[in-house]
Chemist: 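Quick one: structure below, then a few questions.
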2 protein chains.
Amino acid sequence: MEIIKSNQNQKVKLWNSLKTAKGRKQSGTYLLDGWHSVNEAIKANASFQAIIGTEKQIEEHLSEIPHGVPAIIVSDEVANHIADTNSPQGIFAQTSIPNNSFDPKYVHNGKWLFLDSLQDPGNIGTLIRTADAAGFYGVVLGSGSTDLYNPKLIRSMQGSQFHLKVINDANLLEFTDAFIANGINVYGTSIDEKAVNYKEVTFQNDFALILGNEGNGVSQELLNKSSSNLYIPIYGKAESLNVSVAGGILIFALI
Amino acid sequence: MEIIKSNQNQKVKLWNSLKTAKGRKQSGTYLLDGWHSVNEAIKANASFQAIIGTEKQIEEHLSEIPHGVPAIIVSDEVANHIADTNSPQGIFAQTSIPNNSFDPKYVHNGKWLFLDSLQDPGNIGTLIRTADAAGFYGVVLGSGSTDLYNPKLIRSMQGSQFHLKVINDANLLEFTDAFIANGINVYGTSIDEKAVNYKEVTFQNDFALILGNEGNGVSQELLNKSSSNLYIPIYGKAESLNVSVAGGILIFALI
């Protein structure tokens with residue numbers, strides 16, 4: 001088995017480059033960090049370039065690594081170098097970024113989450129994980145959001161990208177038009193008083209929910225296009241809710 | 001007005017020490033960072049040792065600084081030094097930690113959130129902000145949780161500590177016993193199948209909700225004492241929900 005001990009090794013340089021959007025684009029791959037995520041990828045038959053780990057981690061998981069996938073042992077120093085966290089578990093996978101092409105014209109059902117220009121990778125990852133827990137069919141990240149394969153976002157998703165459809169860098173105006181044309185309600189979210197209290201919305205099997213940017217909310221263009229817009233009443237003195245929390249409240253109220 | 005340009009200044013050393021629990025304990029104070037938090041403290045008539053800012057920030061807010069509170073100008077270098085973030089706004093307040101003594105025997109109503117050994121300061125702050133938005137009366141942090149005045153926690157709270165009662169370093173077993181003795185239901189949360197689907201709980205005016213540690217949940221001792229235990233059904237393949245999201249779902253479902 002290949003053993004790599006130097007941060008100057010070409011493979012190590014490649015894995016380290018996956019922390020940046022540029023490096024991920026050039027190689028068409030991203031890095032999973034930690035056994036939980038690697039294992040979710042294995043269960044989903046993801047396409048791997050390599051599974052990388054310290055001697056201890058590779059030994060522990062050797063029987064679970066799929067046939068034909070190169071397993072590479074790295075030193076603790078290399079593991080710390082390629083990880084995005086301070087104390088990595090010491091097991092990683094270089095994984096293909098799936099082909100993202102998707103035409104919303106062919107969507108006729110399912111529960112969907114649209115994320116409009118969200119910036120915080122922890123919020124985006126947590127919302128994808130929440131949509132997964134709620135049994136949603138897919139999440140659509142509008143262009144202008146943080147890249148789906150950002151290392152912190154990957155950590156927050158906890159493998160949910162292998163459980164539901166996640167579409168990166170999409171045009172949410174097109175998605176909204178296509179869904180409404182196909183008879184699927186698209187709910188915006190807003191603090192405008194013309195919006196509807198979410199508790200007054202009746203259950204539907206198929207819909208999309210739009211959540212917006214941490215500071216500015218959902219764009220006015222999308223709010224104008226949506227079927228209707230929801231708000232969460234605030235009873236106390238806080239000015240607003242964190243977008244992950246607001247999303248969780250709405251997602252679990254609508255299912 | 002006093003102007004400080006050196007990180008070696010004794011006051012600067014004191015403000016910088018407030019990043020640690022030890023420094024906060026020694027001085028009985030903590031540091032607010034950013035005008036939003038400082039302004040919430042002013043509106044709540046908090047007790048200030050000083051309001052500290054760059055020349056630009058102090059000029060901008062001078063008319064809003066309460067009479068009798070020392071305003072101190074600092075250089076950008078000092079502002080960056082005492083801040084816990086990379087790009088601070090440049091305005092701070094050194095504020096007294098309020099007296100925390102509180103006897104749960106005298107509580108006969110209100111909506112309360114109990115946090116059992118939560119570790120992530122972002123989760124704790126977000127949950128306090130969410131309880132505030134939901135009009136809760138108070139939040140009780142069990143001992144073993146991250147300290148309430150941790151800088152990241154303070155940022156995530158966004159000033160909610162000035163809107164509702166927040167009790168630090170409390171004995172949650174005592175709180176649970178006292179609330180139940182006073183006829184207030186205390187709901188634990190659990191993924192145990194003996195727990196009750198939260199959607200089946202009927203509305204009550206007065207209750208406490210317990211949320212638990214990110215990895216281990218609510219302690220068994222508390223789950224044994226509670227009136228009943230709730231769970232959120234998972235419909236997809238995610239193993240669990242982020243605790244802030246789970247808390248948001250339960251808090252807004254119960255009100």
Side-chain angles (χ1 to χ4, degrees), chain A residues 36-37 39-40 43-44 110-111 113 120 122-123 125-139 155-165 191 197-199 203 214-215 231-255, chain B residues 36-37 39-40 43-44 110-111 113 120 122-123 125-139 155-165 191 197-199 203 214-215 231-255:
Chain A
H36 178 79
S37 292
N39 193 30
E40 292 297 305
K43 287 194 278 182
K111 295 176 172 62
L113 182 64
D120 182 88
N123 281 338
T126 300
L127 283 164
I128 295 173
R129 177 181 167 199
T130 305
D132 175 12
F136 272 39
Y137 187 86
V139 179
R155 276 202 305 286
S156 312
M157 275 200 288
Q158 299 202 356
S160 286
Q161 73 269 36
F162 301 113
H163 302 156
L164 78 176
K165 184 102 196 150
I191 51 167
N197 185 333
Y198 76 104
K199 295 214 169 181
F203 174 97
E214 288 84 354
Y231 79 97
I232 301 176
I234 300 282
Y235 301 94
K237 292 187 222 157
E239 284 179 10
S240 63
L241 289 163
N242 167 282
V243 67
S244 299
V245 172
I249 294 167
L250 294 172
I251 286 168
F252 272 80
L254 290 170
I255 62 174
Chain B
H36 178 79
S37 292
N39 194 31
E40 292 297 305
K43 287 193 279 180
K111 295 175 173 62
L113 182 65
D120 182 88
N123 281 337
T126 300
L127 282 164
I128 295 172
R129 177 181 167 200
T130 305
D132 175 13
F136 272 39
Y137 187 86
V139 179
R155 276 202 306 285
S156 310
M157 276 201 288
Q158 298 203 357
S160 286
Q161 72 269 38
F162 301 112
H163 302 157
L164 78 175
K165 184 106 196 148
I191 52 166
N197 185 332
Y198 77 102
K199 293 212 170 181
F203 175 95
E214 287 85 354
Y231 80 96
I232 301 176
I234 301 282
Y235 301 94
K237 292 188 222 159
E239 284 178 10
S240 64
L241 290 163
N242 167 283
V243 66
S244 298
V245 172
I249 294 168
L250 293 172
I251 287 167
F252 273 79
L254 291 169
I255 61 176

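Bear in mind the structure is a predicted one, so any value in this text is a computation, not a measurement.
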Chemist: Which one of G122(B), S156(B), G248(B), A238(B) has the most heavy-atom pairs closer than 4.5 Å to chain A?
Modeler: A238(B)

Chemist: Any heavy-atom pair between the side chains of T130(A) and L241(B) that's under 4.5 Å?
Modeler: yes

Chemist: Which residue out of S244(B), S160(B), A134(B) racks up the most heavy-atom pairs below 4.5 Å with chain A?
Modeler: A134(B)

Chemist: Counting only heavy atoms closer than 4.5 Å, note whether Y198(B) contacts chain A via side chain, backbone, both or neither.
Modeler: side chain

Chemist: Shortest non-hydrogen contact from D132(A) to K237(B)?
Modeler: OD1-N, 3.0 Å

Chemist: Which bit of S240(A) comes within less than 4.5 Å of chain B, counting heavy atoms only: side chain, backbone, both or neither?
Modeler: both

Chemist: Give, as side chain, backbone, both or neither, the part of I255(A) having an atom under 4.5 angstrom from any heavy atom of chain B.
Modeler: both

Chemist: Relative to chain B, which of E40(A), M157(A), Q158(A), H36(A) shows the most heavy atom pairs under 4.5 Å?
Modeler: H36(A)

Chemist: Sequence neighbours left out, what passes ring pair (Phe, Tyr, Trp, His ring centres under 6.0 Å) with F252(B)? Give chain and number order.
Modeler: none

Chemist: Going by salt bridge (charged side-chain N to carboxylate O under 4.0 Å, His left out), name the residues that satisfy it together with K199(A), two or more places apart in sequence or in a different chain.
Modeler: none

